[in-house]
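Contents: one structure, followed by commentary.
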Amino acid sequence: MANAKYRIKKRKDALKELNGLVERDSNLLIIHYSCESFYNIKDGRTPRITSIAVRYFNTGQTISFSIHKVAEKQGKLDSIEDHYNELEKSMLDEFFQFVSTHINYKWIHWNMRDINYGFEAINHRYSVLGGTPSMIHDNNKYDLARKMVDIYGNYIKEHPRFEKLIDKNNITKRDFLGGAAEAEAFENKEFVKLHQSTLRKVDILQSVVERIIENNLKTDTTLREIYGFTPQGLYELVKENWGYNLFIFLLGAILSGIVGYIITLLLT
DNA sequence: TCTCAAGGAATCTATTCCAG
DNA sequence: CTGGAATAGATTCCTTGAGA
């Protein structure tokens, strides 16, 4: 375990960064997406993107892109599986059109970090289908799952963490599907379910962010694990949780009490 | 001044983790 | 179920200090 000082610094940095994002929330987006299962693809191609949801942090308005929505527009709802490639391509066309007009926004995401699952995967998929992806600069991406480790350490002991975190915080799970269930929904062509699950997740991500900012997110890490049992840790603990002013006030009250007591002793 | 022990630091390896 | 990255655990290495 790295030393306490370093951990406190990481926590502070991550919180500061997140606060900064939320302060400029007119420029802030939350993104999540669903795709086919990562394994179990027979012909070696990368998993299809099935739906993407993007939520404006300040207004809560959510834009979404999904295969079945595109199919509906093009009148192909009953023959989706015959047109996967072109439908997926049209959906990504719409998505990247959106990206190019929001290239300077900040994007909060959950573990979308590599070619397996993440921005890289979406870009790759679009290239495969013949598109040219607009790249979001890495500086504009904020991986909430990773930053939460900086802030809380091992914030949930049980797995899957995302789902357990939701349970622990009593955030509503209507329409929510676990990862395996989402992949299964795609197999069964339950695109609407899939889409709603993605929408719900983006919703949940916003709640989580807000709770972190308000310092009332419930996690499995104890105060001691977060701050460590060191003078600086205790100082941060008091400062963040009960307010520095209250601490100083109480300290003053105790000291004046002691002084008063000594004076009465001397006078009697 | 040399040797050896102890402990902190650095490096190497094993395990966990995460999205659908 | 994947795959790589990050973390935790294990091991080695190096420095420092004390004693002969």
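Below, each value reflects all heavy atoms present in this structure, side chains not excepted, and no hydrogens, waters or symmetry copies. Since this is a predicted model, take the numbers as computed values, not measurements. Convention: sequence-line order gives letters A, B, ...; per-chain numbering from 1.
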key: Under-4.0 Å side-chain N/O to phosphate OP1/OP2 contact, A:K201 with B:dA19   =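 It does not, given that no N or O in the side chain of A:K201 lies less than 4.0 Å from OP1 or OP2 of B:dA19.
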
query = Is the distance from OP1 or OP2 of B:dG20 to the nearest side-chain N or O of A:H32 less than 4.0 Å?
reply =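 Yes, A:H32 has a side-chain N/O under 4.0 Å of OP1/OP2 on B:dG20.
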
I need the [atom1]-[atom2] distance between [X] and [N], as an integer number of Å.
X      : N      : atom1 : atom2 : result
A:M148 : C:dA6  : CE    : P     : 18 Å
A:L177 : B:dG20 : CG    : C1'   : 11 Å
A:E163 : B:dC17 : CD    : P     : 16 Å
A:D220 : B:dC17 : CG    : P     : 12 Å
A:K147 : C:dA6  : NZ    : P     : 12 Å
A:N154 : C:dG9  : CG    : P     : 11 Å
A:F176 : B:dA19 : CZ    : C1'   : 11 Å
A:D143 : B:dA19 : CG    : P     : 10 Å

query = Of all residues at least two apart in sequence or in a different chain, which pass the side-chain contact (heavy atoms from CB on, under 4.5 Å) check with A:L266?
reply =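 A:L266 satisfies side-chain contact (heavy atoms from CB on, under 4.5 Å) with A:I262 once adjacent residues are dropped.
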
inquiry  = Does A:F186 reach a base, just sugar-phosphate, or nothing at all? Heavy atoms under 4.0 Å.
reply    =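 Touches nothing.
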
request  = Identify which one of A:H124, A:H32, A:H109 satisfies the ring-ring contact (aromatic ring centres under 6.0 Å, His included) criterion when paired with A:F119.
outcome  =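 Of A:H124, A:H32, A:H109, ring-ring contact (aromatic ring centres under 6.0 Å, His included) with A:F119 is met by A:H109 alone.
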
Taking distance alone, no hydrogens or angles, what donor-acceptor pairs closer than 3.5 Å link side-chain atoms of residues 188-196 of chain A to residues at least two apart or in another chain?
{"from": "A:N188", "atom 1": "ND2", "to": "A:E184", "atom 2": "O", "distance (Å)": "3.4"}
{"from": "A:H195", "atom 1": "NE2", "to": "A:S64", "atom 2": "OG", "distance (Å)": "2.9"}

Near-strand residues of residues 106-124 of chain A, defined as heavy-atom separation under 4.0 angstrom from DNA chain B =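 Correct list: A:W110, A:N111, A:Y117.
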
message = So if I take every side-chain heavy atom of A:V149 and compare against B:dG20, B:dA19, C:dT7, which nucleotide ends up nearest?
response =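 The listed nucleotide nearest to A:V149's side chain is C:dT7.
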
key: Residue A:R146, side-chain heavy atoms: nucleotide from B:dA19, B:dG20, C:dT7 that is nearest   =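 Nearest to the side-chain atoms of A:R146, counting from C-beta on, is C:dT7.
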
task = Only counting residues at least two apart or in another chain, list the ones meeting ring pair (Phe, Tyr, Trp, His ring centres under 6.0 Å) with A:F176.
result =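 For A:F176, no residue satisfies ring pair (Phe, Tyr, Trp, His ring centres under 6.0 Å) once neighbours in sequence are set aside.
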
Name the atoms and distances for all side-chain donor-acceptor pairs under 3.5 Å in residues 13-30 of chain A, with sequence neighbours left out.
{"from": "A:D13", "atom 1": "OD2", "to": "A:K9", "atom 2": "NZ", "distance (Å)": "2.8"}
{"from": "A:E17", "atom 1": "OE1", "to": "A:K147", "atom 2": "NZ", "distance (Å)": "3.3"}
{"from": "A:N19", "atom 1": "ND2", "to": "A:L15", "atom 2": "O", "distance (Å)": "2.9"}

request  = Keeping to residues at least two apart or across chains, list the ring pair (Phe, Tyr, Trp, His ring centres under 6.0 Å) pairs with something in residues 7-28 of chain A.
outcome  =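 Every pair satisfying ring pair (Phe, Tyr, Trp, His ring centres under 6.0 Å) with a residue in residues 7-28 of chain A: there are none.
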
query = Just by distance, do the side chain of A:Y33 and the backbone of A:G118 share a donor-acceptor pair under 3.5 Å?
reply =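 At least one qualifying donor-acceptor pair exists.
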
